[in-house]
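To start, the structure under review is shown below, and the notes come after it.
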2 protein chains.
Amino acid sequence: MLPRKIADSTVRRLAIYLRFLEEFEDQGRDTVSSEALAHRAGTTSAQVRKDLSFFGSFGKRGLGYDVHALGIRLREILGLGRRYRVLIVGAGRLAGALVQYAGFSARGFEVVAVVDRDPDKIGTAWGEIVIEGVAQLEEIVVREQVEIAILVTPADPAQGLVDRLVQAGVTAVLNFAPVQLHVPEGVDVKNVNLAVELETLSYALAHRVHA
Amino acid sequence: MLPRKIADSTVRRLAIYLRFLEEFEDQGRDTVSSEALAHRAGTTSAQVRKDLSFFGSFGKRGLGYDVHALGIRLREILGLGRRYRVLIVGAGRLAGALVQYAGFSARGFEVVAVVDRDPDKIGTAWGEIVIEGVAQLEEIVVREQVEIAILVTPADPAQGLVDRLVQAGVTAVLNFAPVQLHVPEGVDVKNVNLAVELETLSYALAHRVHA
DNA sequence: AGCATATTGTGAAATCTTTCACGAGCGCCG
DNA sequence: CGGCGCTCGTGAAAGATTTCACAATATGCT
């Protein structure tokens with residue numbers, strides 16, 4: 001389960017395949033072909049087979065893949081066999097949407113704490129979770145054994161917060177702040193930037209062939 | 001302003017450069033080197049120069065780029081010289097966060113309507129905007145001259161909704177629903193899938209070299 | 001059993017993206 | 001005004017990813 005270096009694009013597709021596999025499983029299908037998966041995932045069958053081949057050979061020639069078995073295998077590969085304890089930094093609306101998003105906890109990502117800077121928010125409850133002060137950041141990371149932090153703050157304080165998180169032991173960060181975070185070797189950061197997504201759309205609109 | 005085919009990765013980086021350029025402009029800096037931009041954007045100076053070179057040559061050798069002029073040029077390239085009218089489909093919490101997100105309107109993306117399926121939500125106001133019924137989808141697209149739709153619904157209804165949007169004339173879609181949408185030639189779709197982002201993080205955690 | 005059909009697994013080829021490396025232009029200073 | 005130091009622009013090389021194409025193997029039918 002440990003090939004040297006797998007492309008990020010491959011890992012993302014594996015996550016997408018898993019989603020459709022689960023759908024097929026719910027529908028009671030036993031097997032699925034690379035072609036069927038590819039169609040659902042918006043890629044090609046050769047791509048699906050190549051992606052999977054990095055991790056072993058799971059299919060049966062002439063038949064396809066066993067839906068259930070491949071699902072298990074993909075969850076294993078993606079590290080989804082266990083739960084992850086997640087801290088959300090910043091209690092704005094986007095944070096609220098993330099806390100409530102069922103897709104996360106279904107996949108094993110459990111939000112265990114939320115912190116914010118605003119004294120008016122500290123102490124208020126979001127469902128099970130009571131918002132704590134950002135001053136307690138380090139204490140919370142240790143107390144809750146946080147492994148993943150989701151940063152949902154303005155650009156300005158983001159780097160300082162990530163420094164504190166890393167210092168406290170967090171090694172994986174999902175960053176929504178529109179800055180490039182600098183972190184030491186061994187810490188993973190994934191960036192999500194909604195403005196950038198919209199801007200690639202406007203690029204496409206602007207450069208469309210006008211008939 | 002019309003090179004054949006520009007990589008998506010390049011366009012995304014241009015959007016990122018623009019963000020830092022604006023920051024530099026606010027700081028009153030007149031010029032910036034490819035090296036400085038690269039550092040902020042988490043890439044290399046050669047990459048920055050190559051990205052820009054697809055669209056012309058904007059720098060001065062020995063000096064760098066004029067912050068103001070390059071900003072204008074990038075906004076032009078990205079199609080940000082005008083405002084875009086955006087419809088949000090689905091009025092959940094994530095939609096709420098998007099409506100309120102200042103970054104969008106600052107970049108010229110103006111939310112002109114929100115629709116939902118839930119009769120309890122229809123008629124309630126979100127700031128300036130009154131939520132309308134999904135039945136009015138086509139009417140709203142025409143009335144408001146919608147160009148971009150943001151789909152923030154569960155997976156199930158997403159394809160049907162996108163079919164209706166395309167039929168009504170929308171040609172750009174930002175899709176948060178965890179499905180691969182099938183659209184005709186000439187329609188652009190960008191996908192944002194938060195679960196996939198987290199799963200690439202858990203992949204990284206699972207495959208880390210355990211010292 | 002033999003044949004037709006389906007679909008995987010995978011090297012090799014094609015394509016795409018990033019990095020390298022260096023010539024050339026620009027401004028400053030003496 | 002000439003030389004120096006800086007930084008761009010870019011073709012070519014390297015590296016990464018995707019696509020191709022086909023042998024291998026499984027099933028089912030007669």
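Each chain gets a letter, A, B and so on, in the order the sequences are listed, and its residues count up from 1.
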Examine distances only and state if a side-chain atom of [X] and a backbone atom of [Y] form a donor-acceptor pair shorter than 3.5 Å.
| X | Y | result |
| --- | --- | --- |
| Arg85(B) | Glu144(B) | yes |
| Arg208(A) | Gly186(B) | yes |
| His182(A) | Arg40(B) | no |

For [X], enumerate each residue passing the side chain to side chain contact (heavy atoms under 4.5 Å, CB included) test, keeping only those at least two apart in sequence or located in another chain.
| X | result |
| --- | --- |
| Ala69(B) | Asp66(B) |
| Asp163(B) | Gln159(B) |
| Asp30(A) | none |

I'd like a list of close polar pairs between nucleotides 2-5 of chain C and the protein, N/O only, cut-off under 3.5 Å.
none

Those residues of residues 8-22 of chain B lying under 4.0 Å from DNA chain D by at least one heavy atom: none
Nucleic acid contacts of residues 30-39 of chain B, taken as heavy-atom distances under 4.0 Å to DNA chain D: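 Ser33(B), Ser34(B), in order of number.
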[atom1] of [X] versus [atom2] of [N]: gap in Å, rounded?
| X | N | atom1 | atom2 | answer |
| --- | --- | --- | --- | --- |
| Asp51(B) | dT18(C) | CG | C1' | 10 Å |
| Lys50(A) | dA13(C) | NZ | C1' | 11 Å |
| Phe54(A) | dT8(C) | CZ | P | 16 Å |

Gln47(B) vs dT17(C): side-chain N/O to OP1/OP2 distance below 4.0 Å: no
For [X], all residues meeting side-chain hydrogen bond (donor to acceptor under 3.5 Å, both in side chains), sequence neighbours excluded:
| X | result |
| --- | --- |
| Arg93(B) | none |
| Tyr101(A) | none |
| Gln47(B) | Asp51(B) |

For Arg117(A), salt bridge (Lys or Arg N to Asp or Glu O under 4.0 Å) partners two or more places apart: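 Per chain and number, Arg117(A) pairs via salt bridge (Lys or Arg N to Asp or Glu O under 4.0 Å) with no residue.
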Donor-acceptor pair between Arg49(B) and Ser34(B) side chains, under 3.5 angstrom: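 Note: Arg49(B) and Ser34(B) side chains meet the donor-acceptor criterion.
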No-hydrogen, no-angle side-chain donor-acceptor test under 3.5 Å, Ser202(B) and Arg82(A):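 There is no such pair (donor and acceptor under 3.5 Å, judged by atom type) between the side chains of Ser202(B) and Arg82(A).
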Upstream residue (5' side of DNA chain D) when Thr43(A) and Tyr65(B) are each assigned their closest nucleotide: Tyr65(B)
Axial cation check for Phe58(B) ring with Arg73(B), 6.0 Å and 45° limits: no
Contact interval (first through last nucleotide) of DNA chain D with protein chain B, 4.0 Å heavy-atom: dC6(D) to dA12(D)
Ring centroid separation Tyr84(A) to Phe109(A) under 6.0 Å: yes
Pull out every protein N or O sitting under 3.5 Å from an N or O of nucleotides 24-28 of chain C, one pair per line with the distance.
| from | atom 1 | to | atom 2 | distance (Å) |
| --- | --- | --- | --- | --- |
| dA24(C) | N3 | Arg61(B) | NH1 | 3.2 |
| dG25(C) | N2 | Arg61(B) | O | 3.4 |
| dG25(C) | N2 | Gly62(B) | N | 3.0 |
| dC26(C) | O4' | Arg61(B) | O | 3.3 |

Mutual orientation of the aromatic rings belonging to Tyr203(B) and Phe55(A) [parallel < 30°, tilted 30-60°, perpendicular > 60°]: perpendicular
